[in-house]
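To find a chain, count down the sequence lines: A is the first, B the second, and so on, and within it residues start at 1.
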Amino acid sequence: MNCPECDASLNIPDDAAVGEIVSCPDCGADFEISKKEGVNVELKQAETVGEDWGE
Amino acid sequence: MSKICIVFDRLRSEEKMLEKQAIELGHNTTMLDAKITQFNTDSQKNDYDFGNVVLERCISYFRGLHFTACLEFLDVPVINKFVVASNCGNKLIMSLCLKKNNVPTPKTYFSFSADAAKENLEKVGFPLVLKPVIGSWGRGVIQLKDNDTAEAMFELRELTNGPHDRIFYLQELVKRPPRDIRVITVGDQAIAAMYRKSSGGFKTNIALGAEPELCDITKEIEDVCVKASQAVGGGILGVDLMEDEKNGLVVHEVNNTVEFKGLAKVAKKNIPKEMVEFALNSTRK
């Protein structure tokens with residue numbers, strides 16, 4: 001699968017789950033796995049870090 | 001067989017560890033993304049499949065807090081409870097809870113305008129530590145060493161003008177070794193602890209590069225953490241302690257959705273297992 005931002009190749013591990021974040025090794029953009037059925041993976045733009053994020 | 005639901009908004013290794021542990025313990029386990037879940041005022045518990053208990057693990061404090069309110073509206077048991085999340089999510093409220101319950105905590109000053117904060121600084125003197133009442137990972141925590149720094153910070157607050165920028169939380173700078181102690185408490189028991197050593201500055205957040213090192217849980221650490229946990233309402237918590245040269249152990253923070261990725265690798269106890277078992281046992285009482 002390629003990066004929706006810069007078209008570089010994205011490495012998505014087989015055991016990656018919905019809700020996990022994958023980062024593009026080239027442009028650094030973060031994407032969230034929104035759907036995963038077998039080898040078919042859908043991505044959406046990951047949320048940016050919010051003021052209220054953390055523990 | 002019991003059923004547990006883990007609510008998340010960003011799937012981190014902590015949530016995956018909890019899921020794996022719950023499955024290994026033989027529990028029916030579901031993972032639920034808070035971002036795609038909907039409620040309304042007519043919602044019923046039976047409309048959803050939350051199981052016996054929900055572990056609320058959102059990375060966003062406000063999302064997790066409001067989600068918890070909806071769960072409690074439906075009478076779904078949730079760890080942590082709304083009141084606990086609310087007490088821990090705001091540093092001012094948390095400091096008040098700790099002090100009210102006689103938990104040793106650094107002296108902290110509260111004011112509600114930049115002018116009042118300046119007046120407070122003139123009375124107390126420098127240095128003091130300015131902290132945002134909402135937020136984590138050490139972001140926005142600034143050591144105010146002199147008037148110029150204080151003026152700059154207060155001016156920035158006026159520019160950003162967020163609802164919490166009008167709340168000024170100023171804490172004494174505790175004299176201590178360049179480290180703090182993070183203790184994970186589960187059901188008012190300290191189950192694991194680590195030192196977080198500063199990577200140079202005065203902050204000791206792992207998120208900022210502090211080095212973790214296993215810490216033995218002494219009777220003193222256990223006692224102060226149990227009191228801190230009870231002060232905010234109990235549950236699964238991360239208690240942060242400083243070794244104050246003057247006053248001994250002081251609690252400066254209690255965290256609601258505690259991160260434990262690093263500590264889990266070295267802790268003697270199985271942290272996610274303790275959390276899952278506590279969550280399910282809490283529904284059997």
query = Given a strict heavy-atom distance threshold of 4.5 Å, which part of B/F8 is in contact with chain A: side chain, backbone, both, or neither?
reply = side chain

ask   = Taking only heavy atoms into account, what residues of residues 10-23 of chain B are found under 4.5 Å from chain A?
value = B/R10, B/L11, B/K16

key: More than 12 heavy atoms from other groups under 6.0 Å of NZ on B/K3   = yes

key: Members of residues 3-16 of chain A whose heavy atoms come closer than 4.5 Å to chain B   = A/D15

query = Among B/N255, B/D33, B/N256, which residue forms the greatest number of heavy-atom pairs with chain A at distances under 4.5 Å?
reply = B/N255

remark   = Residues of residues 48-55 of chain A with a heavy atom under 4.5 Å from any heavy atom of chain B, in residue-number order, are A/V49, A/G50, A/E51, A/D52, A/W53, A/G54, A/E55

note = Residue from B/T257, B/I59, B/I134 scoring the most non-hydrogen pairs under 4.5 Å with chain A is B/I59

message = Between B/R63 and chain A, with a heavy-atom cut-off of 4.5 Å, which part of the residue counts as in contact: side chain, backbone, both or neither?
response = both

note = Those residues of residues 21-41 of chain A that come under 4.5 Å of chain B on a heavy-atom basis, listed by number, are A/I21, A/E32

